[in-house]
Amino acid sequence: MFKRLVTAAVAAVLIAGLGACGSGSDVRDESTNHSVGVDRGSGSGAGESRPDPATTTDASVFGLRDEVRHLAAKTTRATRPHMTRKCTTATRRVKHTTRSGSGTKRRTRTWYSTERYKSCKQVRSGTETYTRVVRPERWCVSLDNLGGDAKRDDVWYRVGRTTYDAAVGMDRSVRMEFTPTGTGC
């Protein structure tokens with residue numbers, strides 16, 4: 001009997017607490033899906049109900065697919081020093097010793113030998129021409145109604161190749177959600 005009473009009391013407290021959190025004081029404008037800011041944390045006028053997706057690139061964004069853009073890699077011809085490996089052989093004198101015997105009859109024998117070794121280093125040998133990448137290849141997607149906000153249109157995001165291919169296969173004004181690799185294009 002006591003357990004039922006305690007369980008009912010805990011349930012009542014939880015219901016009251018959850019009811020206070022969703023008391024309906026947060027009024028929404030149905031046309032733009034924005035809260036008008038009654039009882040919103042700081043109590044200061046109007047505020048958005050979601051974080052600004054343009055400032056957070058690590059989170060996924062959503063909106064209506066607008067345009068897609070592919071920027072090919074931009075390259076140019078450039079020159080740089082051509083480095084080659086130059087090796088020289090040299091010799092050095094190495095000392096060898098052996099000891100034999102013990103006590104007063106201990107004897108040390110020393111001899112020298114010549115050892116050959118190779119020394120290599122990089123040296124400049126003229127110049128070479130190469131292809132320098134000025135701008136890497138980019139795939140971009142533009143979204144309208146970003147985050148459900150009808151006023152946020154034509155926001156460009158850099159995306160990966162697979163996201164770009166998926167966007168090309170979609171019709172315009174279809175809801176699309178992805179995680180961008182960067183902002184702008």
Side-chain angles (χ1 to χ4, degrees), residues 41 47-185:
E48 290 190 16
S49 61
R50 293 185 191 96
D52 185 12
T55 59
T56 57
T57 58
D58 57 335
S60 64
V61 295
F62 68 93
L64 303 179
R65 178 211 176 268
D66 188 20
E67 296 179 43
V68 293
R69 184 182 295 164
H70 174 245
L71 298 172
K74 190 175 183 180
T75 61
T76 186
R77 303 288 289 166
T79 58
R80 62 183 170 204
H82 179 71
M83 304 300 280
T84 58
R85 190 173 169 208
K86 185 177 181 183
C87 297
T88 58
T89 57
T91 59
R92 65 176 152 235
R93 197 168 174 219
V94 182
K95 181 179 179 181
H96 305 276
T97 58
T98 58
R99 297 186 181 180
S100 61
S102 64
T104 59
K105 297 190 179 203
R106 188 169 189 107
R107 196 176 124 204
T108 303
R109 184 171 164 251
T110 303
W111 73 96
Y112 295 90
S113 67
T114 303
E115 194 175 82
R116 296 176 67 88
Y117 67 94
K118 193 182 337 184
S119 174
C120 298
K121 58 183 176 180
Q122 294 284 333
V123 295
R124 182 176 171 170
S125 174
T127 58
E128 64 184 0
T129 306
Y130 72 104
T131 303
R132 184 169 63 92
V133 177
V134 177
R135 180 191 64 212
E137 188 173 20
R138 289 186 193 160
W139 299 277
C140 303
V141 175
S142 171
L143 294 178
D144 286 342
N145 295 345
L146 184 65
D149 184 359
K151 297 175 185 172
R152 304 272 315 266
D153 288 342
D154 297 324
V155 181
W156 284 96
Y157 288 104
R158 283 193 297 268
V159 296
R161 176 71 190 258
T162 55
T163 305
Y164 173 81
D165 290 340
V168 168
M170 296 176 127
D171 292 331
R172 287 181 74 147
S173 299
V174 173
R175 186 180 190 277
M176 185 173 187
E177 183 172 353
F178 55 85
T179 303
T181 58
T183 57
C185 190

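What you see is a predicted model; the values in this text were computed from it and never measured.
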Over all atoms of both residues, closest heavy-atom pair of Gly184 and Cys140
O-SG, 4.4 Å
For Ser125, which residues count as a side-chain contact (heavy atoms from CB on, under 4.5 Å) partner, sequence neighbours excluded?
His82, Thr84
Would you say the side-chain atoms of Arg158 pair up with the backbone N or O of Thr183, donor to acceptor, closer than 3.5 Å?
yes
Leu143 side, atom CG; Arg152 side, atom CZ - distance, nearest 0.5 Å
10.5 Å
Say you draw a straight line from OG1 of Thr79 to OH of Tyr130; how long is it, rounded to the nearest 0.5 Å?
7.5 Å
Dump the intermediate steps for side-chain contact (heavy atoms from CB on, under 4.5 Å) on Val141 and Trp156, then the final yes or no.
CA-CA 6 Å; Val141 175; Trp156 284 96; 5.8 Å; no
Output, in order, the C-alpha distance, side-chain angles, deciding distance and verdict of side-chain contact (heavy atoms from CB on, under 4.5 Å) for Gln122 and Arg85.
CA-CA 5 Å; Gln122 294 284 333; Arg85 190 173 169 208; 4.1 Å; yes
Closest non-hydrogen atom pair between Gly160 and Thr181, with its separation:
N-CG2, 4.2 Å
Side-chain contact test, heavy atoms from C-beta onward, threshold under 4.5 Å: evaluate it for Leu64 versus Val174 and give yes or no.
no
For residues Arg132 and Thr75, is any side-chain donor paired with an opposing acceptor at under 3.5 Å?
no
State, to 0.1 Å, how close Arg138 and Cys185 come at their nearest heavy-atom pair, and which atoms those are.
NH1-C, 3.7 Å
Please list, chain by chain and in numerical order, all residues satisfying salt bridge (Lys or Arg N to Asp or Glu O under 4.0 Å) with Arg69, sequence neighbours excluded.
none
Partner set under side-chain contact (heavy atoms from CB on, under 4.5 Å) for Lys74, not counting sequence neighbours
Val134, Arg135
For the student: nearest non-hydrogen atoms of Glu128 and Pro81, plus distance
OE2-O, 4.2 Å
Going by the disulfide bond (SG atoms under 2.5 Å apart) test, which pairs reach into residues 70-99, not counting sequence neighbours?
Cys87-Cys120
Within this structure, what is the CZ-NZ distance for the pair Arg124 and Lys86, rounded to the nearest 0.5 Å?
15.5 Å
Tell me, do Glu137 and His70 make a side-chain contact under 4.5 Å, heavy atoms counted?
yes
Non-hydrogen atoms of Ser60 and Thr179 that approach each other most closely:
CB-OG1, 3.6 Å
All heavy atoms of Pro180 vs all of Val61, minimum pair found to be CD-CG2, 4.0 Å
For residues 90-119, which side-chain donor-acceptor pairs fall under 3.5 Å, sequence neighbours excluded?
| unit_1 | atom_1 | unit_2 | atom_2 | d |
| --- | --- | --- | --- | --- |
| His96 | NE2 | Ser113 | OG | 2.8 |

Residue pairs involving residues 161-174 (criterion side-chain hydrogen bond (donor to acceptor under 3.5 Å, both in side chains); sequence neighbours excluded)
Asp66-Arg172, Arg161-Asp165
